[in-house]
Amino acid sequence: MTDPCRVRFAPSPTGDLHVGGARTALYNWLFARHHDGVYFLRIEDTDVERSTAEAADAIVKSLQWLGLEWDEGPYRQAERLALYREYAERLLDAGKAYPCVCTPEELEERRKAAMAAGRSPRYDGRCRDRHSKPEKPWALRLKVQEVGMTVVKDLIHGEVRFDNAELDDFILVRSDGLPTYNFAVVVDDALMHVTHVIRGDDHLSNTPKQVQVYRALDFPLPEFAHVPMILGPDRTRLSKRHGATSVLAYRDLGYLPEALVNYLVRLGWSHGDQEIFSRDELVHYFDLARVGHTPAVFDQAKLDWLNGHYLRGADPKRLADLLVAFWLKAEVPADEIEAAAARWSSLGSARTFGEAVVQTFGERSKTLWELAQASRFLFRVAIDYDVRAREKCLRPETQRHLRDVSTRIRSVIRFDAATLEKLYRDFVAERGLKLGDVAQPTRVALTGRTVSPPLFHVMELLGREICLKRLEAMWQQKND
RNA sequence: GGCCCCAUCGUCUAGCCCGGCCUAGGACGCCGCCCUCUCAAGGCGGAAACGCGGGUUCGAAUCCCGCUGGGGCCA
């Protein structure tokens, strides 16, 4: 019986959780669940300049929304500073690290000089033989192994070799007493018994440095797995320039968490030709060995397709609950939403108004936001008419049709889709018209547009009163 | 600049590790047709890729080298 694996997601709270980070979290989570291991969250907030509590909060919210619950934590590096100090002290005592009194300004100057002379801008090691703590402010540098190679065994990339001569004595603890990323991450991963470090490709180049820290501290090495990054459509690192990139932004745009998860997991991982995966299937099939090597471009069109797929399959009740917030955002007054719902329920339908809307508009929408906008005309709000379509409705002949059909609508007993459809079909049959001759103008009068969900369902949703009012406005309109 | 990673349709990818089954498969998107009260959804069909150059081999998308291109890290 081997010990269970332990993995972590360790974001810096310097901004919203973007889709790249979310995928890293997802892969960690799936790996842990697949292997019955432990997945935990660690907030890397030692960079006090850039870290904020709001960002940490947004990350936690994002992860919760995606359903990536953690078993431990969140741990916070800011609360563990004493630990880093303790291990720094050990390295200093053991002579494996040394105090450096070079100031950032001096280093910058030397760096420039080196560049100008065509040399690489590495630290020149001038404080290397210093042992005692100086009076002046100092930073702690690791005395790195200068010869040989550091080989990183990566579960995705295989063995990656780095020449130790390329490494310089990098800083472990800054002069302000705060640990650098490469130091804190090693101390934490080792102390927290992380068995598999699964993170973005951008950290692969940092790994040989971290390996040196593991060795200096006599910590056992974890396994590493560096997953390729997610790029924008222009093939550069994803950033705000690319529009929506944060998990919360997608939530607010009306995407479903299961759609985003499904999209993200397939970006860089595959299981044959399968595109749609349930949560259980993902846990069952997920395997780091099947994670690709190539950076992936984020394609919103495919996310849209997946979201549409999940929207169609989702429980109408759940969607209806979520929809309200999007209607409000589409500037539908709250009391209009209530009025429509009350009117609907007085009709005695088994479904609620929201559920009925979801069922007729859902399969035509990619997102809840789209659904809310497309169904906006169901309320007593100002409708923006398609100008050209409206002009066609104002032809005398068409206005007559609308007027005559209105008369029948007014007197029909049951106001439901089936009855209305029969009414329209009888009407056009009697007059030798095609259904579209009357249905299309009706659609325009009621919705403002030439496209909508099936007309008779729309009418049922709208209710007799609003239908007659909008129809009347259309056939009474003077065509000047 | 140095180092590291990567390279199959526009995009995500299967195939590559263990060469022949690949006249390169699937999905999104796109185009066409069917269904149809419009639009979706669904069904059917189509256009669309092994970056380039050298090897190795009877045979390479698959192995090796170089180039080119892209990305990242260092500061």
Side-chain angles (χ1 to χ4, degrees), chain A residues 104 107-108 110-112 114-123 150 152 154 156-158 160-168 170-171 181-182 200-209 226-238 262-276 289-309 311-313 360-366 370-371 374 386 389 417 420-421 424-425 428 433-444 446-447 449-459:
Chain A
L107 293 168
E108 182 56 29
R110 276 179 236 157
R111 209 172 285 127
K112 279 186 187 149
M115 294 275 259
R119 285 175 285 123
S120 81
R122 304 167 52 231
Y123 177 64
T150 295
V152 175
D154 189 279
I156 293 171
H157 295 286
V160 184
R161 324 175 72 83
F162 296 87
D163 193 333
N164 289 343
E166 294 294 331
L167 296 176
D168 60 356
F170 60 96
I171 293 177
Y181 167 76
N182 284 321
D201 232 352
D202 46 344
H203 289 298
L204 183 54
S205 302
N206 281 324
T207 310
K209 292 184 180 180
H226 288 92
V227 321
M229 310 190 59
I230 297 179
L231 273 23
D234 59 355
R235 294 202 159 274
T236 64
R237 197 198 192 92
L238 217 46
N262 197 148
Y263 177 67
L264 254 19
V265 79
R266 276 288 288 106
L267 217 57
W269 173 85
S270 62
H271 181 258
D273 287 339
Q274 190 168 346
E275 294 287 348
I276 308 285
R290 294 218 46 98
V291 172
H293 303 175
T294 324
V297 172
F298 191 87
D299 178 24
Q300 186 152 340
K302 188 159 184 181
L303 206 210
D304 284 349
W305 168 72
L306 271 165
N307 204 57
H309 170 86
L311 230 36
R312 268 169 256 134
T360 87
F361 286 76
E363 73 171 31
R364 299 170 167 74
S365 308
K366 303 284 193 202
E370 246 184 61
L371 204 171
D386 176 323
L420 289 164
E421 176 156 8
Y424 267 74
R425 290 199 186 276
V428 297
L433 299 167
K434 285 181 295 183
L435 183 58
D437 296 336
V438 189
Q440 272 307 84
T442 303
R443 172 174 280 117
V444 173
L446 299 183
T447 73
R449 341 232 54 194
T450 54
V451 307
S452 84
L455 183 63
F456 310 113
H457 287 93
V458 165
M459 293 178 78

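What you see below is based on every heavy atom in this structure, not just the backbone, and it leaves out hydrogens, waters and symmetry mates. Chain identifiers are assigned alphabetically (A, B, ...) following the order of the sequence lines, protein sequences preceding nucleic acid strands; residue numbering begins at 1 within each chain.
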Distances under 3.5 Å between protein N/O atoms and the N/O atoms of nucleotides 40-49 of chain B, please, pair by pair.
unit_1 : atom_1 : unit_2   : atom_2 : d
B/rA40 : O2'    : A/Glu363 : O      : 2.6
B/rA40 : N1     : A/Glu363 : OE2    : 3.2
B/rA40 : N3     : A/Glu363 : OE2    : 2.6
B/rA41 : O3'    : A/Arg312 : NH1    : 3.4

Distances under 3.5 Å between nitrogen or oxygen atoms of protein and nucleotides 4-6 of chain B:
unit_1 : atom_1 : unit_2   : atom_2 : d
B/rC5  : O3'    : A/His157 : ND1    : 3.0
B/rC6  : OP1    : A/His157 : ND1    : 3.3

Report summary line: Applying the 3.5 Å cut-off to both distances, the Watson-Crick or G-U partner of B/rC73 turns out to be B/rG2
Requested in this report: Using the C1' atom on both, measure B/rC16 against B/rA7 and round to a whole Å.
Outcome: 13 Å
**Report entry** Between A/His226 and A/Asp201, a side-chain donor and acceptor under 3.5 Å
**Finding:** no
Report task. Would you classify A/Leu267 as touching base, sugar-phosphate or nothing, given that sugar-phosphate means primed atoms plus P, OP1 and OP2, and contacts are heavy atoms under 4.0 Å? Result -> sugar-phosphate
Report summary line: Across all chains, not counting sequence neighbours, the salt bridge (Lys or Arg N to Asp or Glu O under 4.0 Å) partners of A/Arg237 are A/Asp202
Report summary line: Closest non-hydrogen atoms of A/Tyr263 and A/Val297, given as atom of the first, atom of the second and distance, are OH-O, 3.9 Å
Using nucleotides 67-69 of chain B, report all nitrogen or oxygen pairs with the protein that are shorter than 3.5 Å.
none

Report task. Would you classify A/Pro453 as touching base, sugar-phosphate or nothing, given that sugar-phosphate means primed atoms plus P, OP1 and OP2, and contacts are heavy atoms under 4.0 Å? Result -> base
Pair up each side-chain donor or acceptor in residues 298-306 of chain A with any protein partner under 3.5 Å, not counting sequence neighbours, and list the distances.
unit_1   : atom_1 : unit_2   : atom_2 : d
A/Asp299 : OD1    : A/Ala301 : N      : 3.4
A/Gln300 : OE1    : A/Tyr250 : OH     : 3.4
A/Gln300 : NE2    : A/Tyr255 : OH     : 2.9
A/Lys302 : NZ     : A/Glu275 : OE1    : 3.1
A/Asp304 : OD1    : A/Tyr255 : OH     : 2.5

Report task. Considering only atom P, compute the distance from B/rC3 to B/rG54 and round it to an integer number of Å. Result -> 27 Å
**Report entry** B/rU38 - base-pair partner by Watson-Crick or wobble geometry, distances under 3.5 Å
**Finding:** none
Query raised in the report: Which residues satisfy the ring pair (Phe, Tyr, Trp, His ring centres under 6.0 Å) test with A/Phe170, sequence neighbours excluded?
Result: none
Query raised in the report: Of the non-hydrogen atoms in A/Asn307 and A/Lys366, which two are nearest, and what is the gap between them?
Result: ND2-O, 2.6 Å
Report summary line: Letter by letter from the 5' end, nucleotides 31-36 of chain B scores (B base, S sugar-phosphate only, - none; protein heavy atoms under 4.0 Å) ------
Report summary line: Considering only heavy side-chain atoms of A/Pro454, the closest of B/rG26, B/rU11, B/rU38 is B/rU38
Report summary line: Correct closest heavy-atom pair for A/Gly292 and A/Ile156 would be O-CG2, 3.8 Å
Query raised in the report: What are the two closest heavy atoms between A/Pro228 and A/Val291, and how far apart are they?
Result: CD-CG1, 4.2 Å
For nucleotides 60-62 of chain B, give me every protein contact, N/O to N/O, under 3.5 Å, one pair per line with atom names.
none

Query raised in the report: Could you state the CG-C1' distance from A/Leu167 to B/rC74, rounded to the nearest angstrom?
Result: 10 Å
Query raised in the report: Nearest heavy-atom pair of A/Ala389 and A/Val444: which atoms, and what distance?
Result: CB-CG2, 3.9 Å
Query - Watson-Crick or G-U counterpart of B/rU62, or none if no pair lies under 3.5 Å - result: none
Query raised in the report: Residues in salt bridge (Lys or Arg N to Asp or Glu O under 4.0 Å) with A/Arg235, at least two apart?
Result: none
**Report entry** Atom-pair distance (OH on A/Tyr181; P on B/rA75), nearest Å
**Finding:** 13 Å
Requested in this report: Return the set of residues passing salt bridge (Lys or Arg N to Asp or Glu O under 4.0 Å) with A/Arg425 (not counting sequence neighbours), or none when no residue passes.
Outcome: A/Glu421
Query raised in the report: For the pair made of CG in A/Leu306 and P in B/rG29, what is the distance, rounded to whole Å?
Result: 10 Å
Query raised in the report: Touch check for A/Gly292, heavy atoms < 4.0 angstrom, all strands: base, sugar-phosphate only, or nothing?
Result: nothing
Query raised in the report: Where along residues 435-443 of chain A does a heavy atom fall under 4.0 Å from RNA chain B?
Result: A/Leu435, A/Gln440, A/Arg443
**Report entry** First encountered from the 5' end of RNA chain B, between A/Leu231 and A/Thr450
**Finding:** A/Thr450
Query raised in the report: Say you pick atom P in B/rG71 and the same atom in B/rC34; how far apart are they, in whole Å?
Result: 45 Å
Requested in this report: Kindly say whether, by distance alone, the side chain of A/Glu275 makes a donor-acceptor pair under 3.5 Å with the base of B/rG26?
Outcome: yes
Query raised in the report: In whole Å, what separates the C1' atom of B/rC44 from that of B/rC6?
Result: 38 Å
Requested in this report: Could you check which of B/rG26, B/rC73, B/rC74 has an atom nearest any side-chain atom of A/Lys209?
Outcome: B/rC74
Report summary line: Separation of B/rC73 atom C1' from A/Met229 atom CE, nearest Å, is 10 Å
Requested in this report: Could you work out which one of B/rG71, B/rG10, B/rG72 sits closest to the side chain of A/Arg237?
Outcome: B/rG72
Query raised in the report: RNA chain B: A/Trp269 or A/Arg235, which has the more 5' nearest nucleotide?
Result: A/Trp269
Enumerate the protein-to-nucleotides 22-24 of chain B contacts in which both atoms are nitrogen or oxygen and the separation is below 3.5 Å.
none

Requested in this report: Sort out the partner of B/rC21 for me: Watson-Crick or G-U wobble, both distances under 3.5 Å, none otherwise.
Outcome: none
**Report entry** Closest contact, heavy atoms only, A/Arg443 versus A/Leu455
**Finding:** NH2-N, 3.4 Å
Query - Intermediate values then yes/no, side-chain contact (heavy atoms from CB on, under 4.5 Å), A/Asn262 and A/Ile276 - result: CA-CA 7 Å; A/Asn262 197 148; A/Ile276 308 285; 4.0 Å; yes
Query raised in the report: For the rings on A/His203 and A/Tyr181, is their centre-to-centre separation under 6.0 Å?
Result: yes
Requested in this report: Grab the CZ-P distance between A/Arg449 and B/rU38 for me, whole Å please.
Outcome: 17 Å
Query raised in the report: In whole angstroms, how far is the P atom of B/rG26 from the NE2 atom of A/His271?
Result: 18 Å
Query raised in the report: Taking OP1 and OP2 of B/rG15, is either one under 4.0 Å from a side-chain nitrogen or oxygen of A/Arg290?
Result: yes
Report task. Check every strand shown and say whether A/Ser270 touches a base, only sugar-phosphate, or nothing at a heavy-atom separation below 4.0 Å. Result -> sugar-phosphate
